[in-house]
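So that the names make sense, note that chain A is the first sequence line, chain B the second, and so on, each numbered from 1.
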2 protein chains.
Amino acid sequence: MKVRWDLDSPSQPNEAPAKRRPGRPRLEAPSQEYIARRDEIIATAAEVFHQKGYDAGTLEDVAEALDLRRASIYYYVRSKAHLLFLIIDRALGLALDELDEYTKLPDPRERLETFIRHQVRTITGEPSMFTVFFDHRLRLEQEYEARIRDKERRYVRAYLKVVQDAVKAGVIGKVDPRYGAQAILGMTTWSYKWFDPTRDNADRLADSCVKLVLDNLGAPA
Amino acid sequence: MKVRWDLDSPSQPNEAPAKRRPGRPRLEAPSQEYIARRDEIIATAAEVFHQKGYDAGTLEDVAEALDLRRASIYYYVRSKAHLLFLIIDRALGLALDELDEYTKLPDPRERLETFIRHQVRTITGEPSMFTVFFDHRLRLEQEYEARIRDKERRYVRAYLKVVQDAVKAGVIGKVDPRYGAQAILGMTTWSYKWFDPTRDNADRLADSCVKLVLDNLGAPA
DNA sequence: CCTACCGATCGGTAGG
DNA sequence: CCTACCGATCGGTAGG
């Protein structure tokens, strides 16, 4: 049986590059083609699972879409469960990607606005990835759970802080930060259920979300 | 084979009572026990599909939870697909239930607030039903689609109108009604993904949503 | 509402 | 990356 490389690593741009281990490496790094092909498989699987659902979408469907035999997928991926993990990890990576940068923005109002726009852009930009993430996240196997949960927390915490600061600065009402963060997250994220790129416009949706939360008129009752 | 009754009718309180057909009825109406038992099956199936997903959750699981044999479920339900329909139809029925009443509220601000509170209460009150509804709605068979889509449209339209009126009355910013409605719907509905009744409080969540959208402070930039 | 029982699908592996 | 092939699961039906 051929030796395969670190199948688990999601090869994300925001991932730290693999540390060079001491001594002579046993194997060369996975070839560029290998990585590219695996990314193709991940993306295609996301589309299949998006359309048919994780369980109903078969590896046969994925293989067919790639003009492969089903067994060949196992050269790149350990199992169907592993494939689900790779999709979810990638989705989280995308969402987390520019967030650190935005966290540094000094103005609370601008920061919240940027977070909202970022979320809308990210979700509507990768509907398949995020549909799989949100609708099949609970089908993740135990072994993968921990790795995901970590990044997930980082994400929610970032949102929590933005909302807290916005409340402090008085740019939004005095809401419970946790509920406020989830509400804003929901308002934008929900788009994965209804947004139709042939009809809807992400920037206008973002405008509406921002206006609803930040551009306010009536004084409190 | 025994004759069964109208398996499709969801026996919802807001459903019009079945019209009395002319002539002598062929069969008495389904017994109260029959209806009650079927509702039990629907509720249990919702819990199973909530925990394991629609495809991964088996009829065996449902039967076991009810202390039945799997085959017995078919006395109440045509198929697994039919069971999914019954759950989804029930969820929509619950959501639609009090909505007509609230539509009559004259004050735009109060009406929007009531809609928001109603949505939070409904979703958090039936997590299993609504998780199945939102996460497995696309696995509905063709034959059931139409019946669902209709009610669904009614729901979205009601929200559309509330938002339109709120914009006109100037109680929220001038947002695109469609995006505004989906944003508010998302803000509240999203709770089915994270709300934990042992830790969270539905009324406070509703407060936060209302405050975020309606109780505003800063003037538009 | 139950006891069998069938048919089909599908993830995964051997071995090249 | 492919050709077989196995094993298990599961929805559904017959017949009572």
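Dashed line: the shortest gap from a side-chain N or O of B:Tyr74 to OP1 or OP2 of D:dA14 is not under 4.0 Å. For B:Arg70 and D:dT13, the shortest distance from a side-chain N or O to OP1 or OP2 is not below 4.0 Å. Listed pair B:Tyr75 / C:dC2 fails the phosphate criterion, with no side-chain N or O lying under 4.0 Å from OP1 or OP2.
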Exercise for the section: Please lay out, stage by stage, how B:Arg139 and A:Asp135 fare under the test salt bridge (charged side-chain N to carboxylate O under 4.0 Å, His left out). Expected result: CA-CA 12 Å; B:Arg139 309 246 335 95; A:Asp135 287 356; over 6 Å; no
Run the salt bridge (charged side-chain N to carboxylate O under 4.0 Å, His left out) check on A:Glu40 and A:Arg37 step by step: do they pass? CA-CA 5 Å; A:Glu40 253 185 290; A:Arg37 192 66 166 144; 3.4 Å; yes
Would you sort out whether B:Thr58 and B:Asp61 count as a side chain to side chain donor-acceptor pair (under 3.5 Å), showing the intermediate values? CA-CA 5 Å; B:Thr58 69; B:Asp61 294 327; 3.2 Å; yes
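For the pair A:Arg204 and B:Tyr179, the NZ or CZ position fails the cation-pi test of under 6.0 Å to the six-membered ring centre and within 45 degrees of the ring normal.
In this structure, the side chain of A:Tyr76 does not engage the main chain of A:Ile42 through any donor-acceptor pair within 3.5 Å.
You'll find the ring centres of A:His136 and A:Phe49 outside the 6.0 Å limit.
Heavy-atom distances to DNA chain C give each of A:Ala81 and B:Ala71 a nearest nucleotide, and the one nearer the 5′ end belongs to B:Ala71.
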The dot-bracket string of DNA chain C, counting Watson-Crick and G-U wobble pairs with both distances under 3.5 Å, using [ ] for crossing pairs and | for pairs to another strand, is ||||||||||||||||
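The separation between B:Tyr76 atom OH and C:dC1 atom P is 3 Å, rounded to whole Å. As a whole-Å value, the separation of A:Glu64 CD from C:dC10 P is 12 Å. Computed from coordinates, the A:Glu141 CD to C:dG11 P distance equals 13 Å when rounded to whole Å. Regarding B:Arg69, its CZ atom lies at a distance of 18 Å from the C1' atom of D:dG15, rounded to whole Å. C:dT9 atom P lies 11 Å from atom CD of A:Glu60, rounded to whole Å. Taking atom CG on A:Asp61 and atom P on C:dT9, their separation rounds to 12 Å, with Å as the unit. The distance between atom CD1 of A:Ile73 and atom P of D:dC1, rounded to the nearest whole Å, is 10 Å. At whole-Å resolution of the value, CG in B:Leu68 and P in D:dG11 are 15 Å apart.
Residues forming a ring pair (Phe, Tyr, Trp, His ring centres under 6.0 Å) with B:Tyr192 (at least two apart in sequence, or on another chain): B:Phe134.
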